[in-house]
Amino acid sequence: MEAIDRQLAALLRESIGRVVGEPWEGPVPVEVSNRPDLADYASPAAFALAGRLRRPPLEIANELAADLTTHGASMLASAEAAAPAFLNLRLSDSFLAGLVEETVARAGRIADDGTGAGHKIVLEHTNINPNKAAHVGHFRNACLGDTVARMLRRLGHPVEVQNYIDDTGVQVADVVVGLRYLDVPEQGDEPFDRYCSDVYVAVQQAYAADESLVARRAEVQHAIESGEGELATAALETAQRIAACNLATMARAGIGYDLLTWESDILALGFWQTAFARLQEQGVIVAETEGPNAGCWVVPFGVGTVETEEGTVTEDKVLVTSRETVTYTAKDIAYQMWKFGLLGRDFFYRVWGEQGDGSTLWTSTRHELEHDPSAPRFADGERVINVIDDRQSYPQQVVYDCLRRMGFEAEADASEHLAYAVVSLSVEAARELGVAVDEDARKVAMSGRGGIQVYADQLLDRLAARIAAASAERAETDEAAAQSGAPARTRPSDEEAAETAERVATAAARYYMLKFGTTQEIIFDFEDALRTTGETGVYLQYALVRASGIARKLAAGDAIGPRPSPAPTDGVPDADRALLLRIADYPRVLATAAQQREPLALAKYAFDLAVAFNRFYDNTPPIVAEQDEALRAWRGGLVESFRHVFGDVLDVLGIPVLERL
RNA sequence: GCCCCCGUAGCUCAGUGGAUAGAGCGCCUGGCUUCGAACCAGUAGGUCGCAGGUUCGAAUCCUGCCGGGGGUACCA
């Protein structure tokens with residue numbers, strides 16, 4: 001469905017053409033009015049035309065209003081000019097009734113305009129180093145990436161979601177050393193990833209006390225790099241086990257992937273060698289013979305060396321060190337080339353497993369014998385989006401710039417770093433974790449190495465526990481109320497209650513991660529994150545539960561039923577109109593949120609829409625008891641429209657849809 | 001030094017060229033005999049960090065400054 005503001009802009013463009021005297025090619029601004037008492041939509045177009053026509057803007061607005069009144073067709077009920085020169089537009093009841101009909105007919109999928117069809121996007125997110133449990137910072141990454149992927153898919157883009165797993169770094173070696181040479185006690189029946197998080201912290205401390213361990217780490221790291229031998233196999237197995245835990249954590253929040261890509265496979269399959277050759281051919285990198293980077297292969301960026309307080313530095317970026325190891329950025333260049341299909345090399349693929357939504361998760365493999373010929377074609381993206389925190393903006397830019405220097409300008413332009421600010425801990429949260437905090441500190445950085453972190457599972461567990469307790473309490477009061485005549489409700493089984501609590505926890509956690517702008521640092525606080533009232537994911541689910549309740553009762557009562565029906569003859573009531581206008585705004589909001597890669601915009605919209613429904617709900621007599629059949633049918637249709645559209649919005653946000661709460 | 005992000009109500013944050021700057025939380029007040037009160041209605045609370053500039057119009061764009069954070073690794 002085309003967004004309302006664009007439909008109106010098309011109408012207004014015609015009007016401007018008639019007023020100006022020739023076809024109008026300039027911009028035609030139309031906005032959702034922030035003055036619902038005056039208008040549904042408004043345009044300030046007359047301001048811009050005033051200078052061009054050298055006439056007072058209000059005069060022009062009046063002419064446009066007059067023209068639209070005669071040419072507005074069935075879409076508009078009124079068009080009026082208002083000082084200083086706004087053009088206020090009111091949609092007609094018949095148009096609103098048509099909206100209800102269309103939203104229901106399309107089961108809420110009104111924002112799917114198909115603009116993205118055929119343009120494959122490769123989107124990478126999560127990317128947790130497989131040596132520890134996911135914390136809320138990783139969770140933010142995954143929520144952002146998953147929601148952006150869902151938004152793009154709803155607009156028709158084929159999106160391939162990849163999760164890059166760096167299983168060859170020192171962090172994995174650290175944990176392997178800790179597992180082998182330290183005896184870290186397990187905490188009850190804690191999951192493997194949580195245990196490894198503890199081991200990781202313990203081994204950091206052990207290095208200081210026992211230097212032989214540092215040698216052990218070098219040994220493990222060497223084995224990992226060579227990919228040969230028992231140590232390398234053990235390291236790989238550990239990494240895979242932890243990665244499986246991380247995937248399970250994300251699956252709790254409905255986050256899945258298409259493909260896992262392992263750094264060890266990138267190394268083993270010689271991705272870097274190919275990229276290296278290309279970089280050399282194109283003269284993008286040079287071998288330094290003097291200066292601070294002597295003996296390295298570097299990308300020359302700066303103007304030579306610069307003297308700073310910290311000593312002599314260069315702005316050049318090292319890709320291969322003097323010890324001939326390949327830096328992360330270098331590997332990322334090869335990986336980025338592969339994503340665009342520029343490398344001329346590919347992984348082998350095998351099935352990793354089935355995911356919660358029934359889709360297949362694939363993984364790369366270096367072994368040709370494991371290759372599954374039924375694997376889909378991966379990579380070859382037209383666009384590549386990397387969801388990585390904003391501290392890595394510089395290395396990301398280096399990667400894209402190297403693509404450009406190699407002659408891949410289009411691909412460099414089609415490379416996007418979705419940079420988001422990190423999650424840190426509030427002073428209260430840090431203290432709750434037993435971390436010593438400075439008096440004047442306002443936040444504490446998370447650190448897997450230092451053991452300062454809130455785990456994603458911990459957040460979900462605490463939310464689920466709180467929600468389960470709240471549900472139990474409600475069930476008690478419901479039963480007490482039923483004693484004194486209120487309608488009885490069937491109490492869910494313990495199993496159902498636990499399942500519901502988990503799904504509500506998902507909603508709360510995901511919404512919390514999205515309610516901050518991507519560039520806004522989240523100061524994680526338990527009091528805010530565990531909230532189940534106010535602007536939360538729970539509020540969203542509750543609004544839908546209310547709507548579902550009405551739909552159920554209307555259907556059970558065998559009344560007119562929730563079919564779209566004409567607007568009431570004495571006009572659409574204000575509460576109904578406000579709700580419907582919100583519903584109708586969905587296509588516009590989704591398009592801009594997706595284009596800006598800003599899930600917050602959709603999350604805020606979802607909240608606003610839920611508010612509109614709750615107001616409608618509370619300020620409208622019970623629909624199921626409505627005696628005026630025409631009005632009951634209209635409102636039943638309106639509720640149905642909300643139910644479908646809002647359900648679709650929640651689906652794009654990755655928030656579970658519940659019938660009961 | 002250079003680059004990026006942040007600065008809006010007591011707190012946490014939306015709003016990035018349009019009309020009277022909003023929400024949640026917190027404070028105070030009111031509302032469940034009818035669709036689930038995890039809700040709704042209302043009160044109080046703001047020189048939008050500061051100073052210039054552009055514009056019919058600036059929280060929003062430009063310049064300079066102040067405060068906070070991050071980056072500028074032969075770590076990932």
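Source: prediction; values computed, not measured. Numbers restart at 1 for each chain; the letters A, B, ... are given by sequence-line order, proteins then strands.
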Quick one: side chains of residues 42-60 of chain A, donor-acceptor pairs under 3.5 Å with protein atoms, not counting sequence neighbours, listed by atom name and distance.
| residue | atom | partner | partner atom | Å |
| --- | --- | --- | --- | --- |
| A:Ser43 | OG | A:Pro29 | O | 2.6 |
| A:Ser43 | OG | A:Ala45 | N | 3.1 |
| A:Arg52 | NH2 | A:Glu22 | OE2 | 3.0 |
| A:Arg55 | NE | A:Glu59 | OE2 | 3.3 |
| A:Arg55 | NH2 | A:Glu59 | OE2 | 3.2 |
| A:Arg55 | NH2 | A:Glu63 | OE2 | 2.2 |

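The base of B:A21 lies outside donor-acceptor range of the side chain of A:Asn34, with no N or O pair under 3.5 Å. Side-chain N/O atoms of A:Thr327 and base N/O atoms of B:A73 include no donor-acceptor pair closer than 3.5 Å. Residue-to-nucleotide contacts include no donor-acceptor pair under 3.5 Å from the side chain of A:Arg615 to the base of B:A41.
Within residues 525-537 of chain A, the residues approached by RNA chain B to less than 4.0 Å at the level of any non-hydrogen atom are A:Arg531, A:Thr532, A:Thr533, A:Gly534, A:Glu535, in residue-number order. Scanning residues 42-57 of chain A for heavy-atom distances under 4.0 Å to RNA chain B yields A:Ala42, A:Pro44, A:Phe47. Residues from residues 386-400 of chain A lying near RNA chain B, meaning a heavy-atom separation below 4.0 Å, are A:Arg391, A:Gln392, A:Tyr394, A:Pro395 in numerical order.
Among the protein residues, A:Arg442 comes within range of the sugar-phosphate backbone only, with heavy atoms under 4.0 Å from sugar or phosphate atoms but none that close to a base. Among the heavy atoms of the strands lying under 4.0 Å from A:Tyr539 are primed sugar atoms or P, OP1, OP2 only; no base atom is included. At the heavy-atom level, A:Ala294 lies under 4.0 Å from base atoms of the strands shown.
Judged as a ring-ring contact (aromatic ring centres under 6.0 Å, His included), and not counting sequence neighbours, the contacts of A:Tyr512 are A:Phe516, A:Phe524. Checked against salt bridge (Lys or Arg N to Asp or Glu O under 4.0 Å), A:Arg531 has the following partners two or more places apart in sequence or in another chain: A:Glu527, A:Asp528.
Of the N and O atoms on the side chains of A:Tyr164 and A:Asp332, not one donor lies less than 3.5 Å from an acceptor on the other residue.
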